[in-house]
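Here the structure is laid out as structure tokens; the discussion comes afterwards.
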There are 2 protein chains.
Amino acid sequence: MKDGDGPGDGDRDGDGCGVLPGSIRPGGRTARVRASVLRAAGDALAEHGFAGLDLADVASRAQVGRTTVYRRWGSAGALVADLLVDMAEQSLARSRTGSLLGDLKENARLVQRTLVDPRQGPLFRAILAAAATDDSTARALRRFYEIRVAEWAGCVDDAVERGEIPAGTDAREVVRAVSAPLYYRLLTTAEPPDETAADRAAEGAFVAAHAGVYLRVRPGAPQSGAAGDLEPPGEHGVGR
Amino acid sequence: MKDGDGPGDGDRDGDGCGVLPGSIRPGGRTARVRASVLRAAGDALAEHGFAGLDLADVASRAQVGRTTVYRRWGSAGALVADLLVDMAEQSLARSRTGSLLGDLKENARLVQRTLVDPRQGPLFRAILAAAATDDSTARALRRFYEIRVAEWAGCVDDAVERGEIPAGTDAREVVRAVSAPLYYRLLTTAEPPDETAADRAAEGAFVAAHAGVYLRVRPGAPQSGAAGDLEPPGEHGVGR
DNA sequence: GTGTTAACGGAACTTCCATCCCCTTAGTGG
DNA sequence: CCACTAAGGGGATGGAAGTTCCGTTAACAC
């Protein structure tokens, strides 16, 4: 596990002089404690959610003293933020299937599998909830998704290179368009996203990207209500 | 304001005999208290989020005794659930611009304006967070979005009627596809969704619906990795 | 190996929130 | 308008979560 960056890059308590615990002797027990606490925090989050996160419970799961958790992380929000830093480092490499639709489907399936996973799904729900309340968690969450989105944006750039979709396409917007429906379903419906939802998300993003919806310079921008000169796919009115 | 259904349809405490306070004398002060508490709860949620929701604070904002809030709602989760019931009843009617893209853009703009609103945006964030933890809130949230989505699904059905998009299109999936990117941006990035994001969301859903992505019977279902015989928009490889 | 001290761990203390009791206020029926 | 009682309000009580103190353990330097 990584070492040296501890519970965050900034000072937790605001004064610029105090050295955070874990930064001077990061090896051995300190690293072991950090790994153990982060795993326990993930487990507790997945089980009870952010509101039910009890730092004393985390400490006992991790077989660590409560004081240690309070001293090194200070609050539930900071603990989740550190967990996100850890998760961001385990980011998986993007796929290279040779076609944009193939890559987007791989991405959609990966996200879908994560969200329906009995541990990861509740964990992500809990983390999103934490970010809504705690500011340091929100920052860590944004950074986490920045990294993930940037990684997969390469697929879109490659597709532009191949001529599959128009130049000037905002790659990150395309990647976000794949994830968005899956997260929306997780948060607002009773059924977590299935394979069909994943395929639809990928196909929808692909078709829209192809039609120029995610161009950085938007053709229809000046007109407010009109469709602009967005090219409609195929011929209009076709009943398929 | 509605009266008579109080903090939920079921018994809060599980035993089927006790009558919930507010159900026998719902008029006058009781209704006034409910309205005042729900407004205060919304304000408090928007300001401090769900984790920071203090029922005593809600009570003092509403100029009501703490005991009253605890007796009638019992927990923060139940209070938010009741707030959602109230919000669902104030649902706005869908638009009828005559074109699907026009209707979807209206919907996207409505969602976008809600999410960037200084009160509504934080409120929705807080409610989503609450639903991740509390079960009764989650049920109320799902019901809320069911109602909203069903209302706007009419636009899609009308478009099928007009021949704009293929018959067999899952109308609710199209409506969800409009909202999803806006919520995703709200939750995972620092910039709340702007007008461009709203237009992109509407156009993306429109183009995908047109291409048959949201057909209930999916043409490419048997093949797992392939694109199926999904009709690509326009000609492939066009650089726009 | 040995010493220094960073980091950990247990326990008492404090604070804050949910609950309970009982009195007061005001809807509702006559 | 009056009586009855449902519903609201203030203060005391109990418990759980966070904080602090100080003794113990082990990382790192020499």
Side-chain angles (χ1 to χ4, degrees), chain A residues 1 3-7 12-13 17-38 40-41 44-45 48-80 82 130 133-134, chain B residues 1 3-7 12-13 17-38 40-41 44 48-80 82 133-134:
Chain A
M1 185 144 291
D3 48 2
D5 50 8
R12 194 176 61 240
D13 43 1
C17 42
V19 178
L20 285 168
S23 55
I24 296 179
R25 290 180 183 176
R29 181 166 67 163
T30 299
R32 220 155 44 234
V33 163
R34 186 176 121 93
S36 181
V37 168
L38 289 188
L45 274 178
H48 307 301
F50 181 66
L53 187 64
D54 178 12
L55 293 202
D57 174 53
V58 171
S60 72
R61 281 169 190 259
Q63 295 186 304
V64 156
R66 314 167 194 66
T67 316
T68 301
V69 177
Y70 282 108
R71 184 173 32 231
R72 286 192 60 180
W73 289 277
S75 72
L79 180 57
V80 178
D82 194 30
T133 298
D134 185 81
Chain B
M1 183 146 293
D3 49 3
D5 51 7
R12 195 176 59 239
D13 43 1
C17 41
V19 179
L20 285 168
S23 55
I24 297 179
R25 290 182 184 174
R29 181 165 68 164
T30 299
R32 219 155 44 234
V33 163
R34 186 176 121 95
S36 182
V37 168
L38 289 188
H48 308 301
F50 182 66
L53 187 63
D54 178 11
L55 294 203
D57 174 52
V58 171
S60 72
R61 280 169 190 258
Q63 293 185 304
V64 157
R66 319 165 203 23
T67 315
T68 301
V69 177
Y70 283 108
R71 184 172 33 230
R72 286 192 60 180
W73 288 276
S75 73
L79 180 58
V80 178
D82 195 31
T133 297
D134 185 81

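Quick caveat, the model's predicted, so the values are computed rather than measured.
- With D/dG8, C/dC8, D/dA17 as the candidates, the nucleotide lying closest to the side chain of B/R72 is D/dG8.
- Nearest heavy-atom pair, A/V69 versus A/A59, reported as atom, atom and distance to 0.1 Å: CG2-CB, 3.8 Å.
- Rounded to whole Å, the distance from CZ on B/R32 to P on D/dA6 is 19 Å.
- Residue A/R72 forms a side chain to side chain contact (heavy atoms under 4.5 Å, CB included) with just one option from A/V64, A/T30, A/D82, and that option is A/T30.
- Atoms CH2 (A/W73) and P (D/dG18) sit 15 Å apart, rounded to a whole Å.
- The distance between atom CZ of B/R61 and atom P of D/dG9, rounded to the nearest whole Å, is 17 Å.
- By the 6.0 Å contact criterion, CZ on A/R66 is open, its count of non-hydrogen atoms from other residues, nucleotides or ligands being 12 or less.
- Of all nucleotides listed (C/dA18, D/dG8, D/dA17), D/dA17 comes nearest to the side chain of A/D54.
- Phosphate contact (OP1/OP2 of C/dG9, side-chain N/O of A/T68, threshold under 4.0 Å): present.
- When all heavy atoms of A/A41 and A/L53 are compared, the closest pair comes out as O-CD1, 4.3 Å.
- Rounded to an integer number of Å, the gap from CZ of A/R34 to P of C/dC8 is 12 Å.
- The side chain of A/R71 has C/dG9 as its nearest neighbour among C/dG9, D/dG18, D/dG8.
- Using a 4.0 Å cut-off, some side-chain N or O of B/Y70 falls inside it from OP1 or OP2 of C/dA18.
- Regarding B/R66, its CZ atom lies at a distance of 19 Å from the P atom of C/dC23, rounded to whole Å.
- Rounded to whole angstrom, the span from the CG atom of B/L55 across to the C1' atom of C/dA18 amounts to 8 Å.
- When the P atom of C/dC16 is taken as reference, atom CG of B/D57 falls 14 Å away, rounded to whole Å.
- Side-chain N/O atoms of A/T67 and base N/O atoms of C/dG10 include a donor-acceptor pair closer than 3.5 Å.
- Closest heavy-atom contact between B/S75 and B/L55: C-CD1, 4.1 Å.
- Put simply, CD on B/Q63 is 22 Å from P on D/dA7, counting in whole angstrom units.
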